[in-house]
Amino acid sequence: DAGVIQSPRHEVTEMGQEVTLRCKPISGHNSLFWYRQTMMRGLELLIYFNNNVPIDDSGMPEDRFSAKMPNASFSTLKIQPSEPRDSAVYFCASSLTGERPFFGQGTRLTVV
Amino acid sequence: KQEVTQIPAALSVPEGENLVLNCSFTDSAIYNLQWFRQDPGKGLTSLLLIQSSQREQTSGRLNASLDKSSGRSTLYIAASQPGDSATYLCAGGGDYKLSFGAGTTVTVRA
């Protein structure tokens, strides 16, 4: 398996624009996580899906953020409108049990 | 809310020396404790997972211990190599909700 695949690897966008980050989890994994990593706040869980259903979205910062998982092999994280403070590395991770996540390479987002 | 702290933030050792990385957590009702490695510009790789009922886990040169009563975990890396240079993060918490420490950045000098 190629592991968790995220796209794009890098994204630079202007403030106010919509940004969509994509994730393909490892085949057979039933849990999917979106994390955000910044120097100031470290690694934070944004949302957790189990069997394509959002279980915990308490980490989603505000209504500008939304995440979907239309099927077991694809998830998106959307920011609309984007702001400079959203600049961070966003990681997608998947796991079989929910306990031991396998991380993707991340998407480095820069909002100017 | 689980708070996880890692000290020191950075560590530099000569090749061959044993590494000791420390992690402390505030809530002893921890479900499991995990150690991850992160290389620059990359995602996290899981190294070891210690269930709450266990006291340690070993994989090759790596050994991690868990002491719930004192709220501490330690990662030992024996006979360090330059390839061990990376940031090591510990994470603890519930069955899916992990709280991560800020990490210890390790440099192993050849």
Are [X] and [Y] linked, directly or through other ILVMFWY residues, by side chains that come within less than 4.5 angstrom of each other?
X         : Y        : answer
Phe102(A) : Ile5(A)  : no
Met60(A)  : Tyr48(A) : no
Tyr90(A)  : Leu89(B) : no
Leu33(B)  : Tyr31(B) : no

Using non-hydrogen atoms only, which part of [X] is less than 4.5 Å away from chain B: side chain, backbone, both, or neither?
X         : value
Gln6(A)   : neither
Leu45(A)  : side chain
Thr107(A) : neither
Arg41(A)  : neither

*Report yes if some heavy atom in the side chain of Phe36(B) is under 4.5 Å from a heavy atom in the side chain of Leu43(A); otherwise report no.*
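No, every pair of side-chain atoms sits at 4.5 Å or beyond.
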*If you look at every heavy atom in Lys97(B) and Ser58(A), which pair is closest and at what distance?*
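For Lys97(B) and Ser58(A), the tightest heavy-atom pair comes out as NZ-OG, 3.0 Å.
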State the [atom1]-[atom2] distance between [X] and [Y], to the nearest 0.5 angstrom.
X         : Y         : atom1 : atom2 : result
Leu44(B)  : Gln105(A) : CG    : CD    : 11.0 Å
Arg100(A) : Leu98(B)  : CZ    : CG    : 11.5 Å
Ile55(A)  : Tyr96(B)  : CD1   : OH    : 8.0 Å

*Please say whether more than 12 non-hydrogen atoms of neighbouring residues, nucleotides or ligands are located less than 6.0 Å from CG in Asn71(A).*
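Yes - once you tally the heavy atoms of other residues, nucleotides and ligands closer than 6.0 Å, there are more than 12.
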*Step through the shown structure and confirm whether more than 12 heavy atoms of other residues, nucleotides or ligands are within 6.0 Å of CZ on Arg64(A).*
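Yes, CZ of Arg64(A) has more than 12 neighbouring heavy atoms, counting only those of other groups under 6.0 Å.
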*Aromatic rings Phe103(A) and Phe100(B): how do their planes relate, parallel, tilted or perpendicular, breaks at 30° and 60°?*
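Ring orientation of Phe103(A) relative to Phe100(B): perpendicular.
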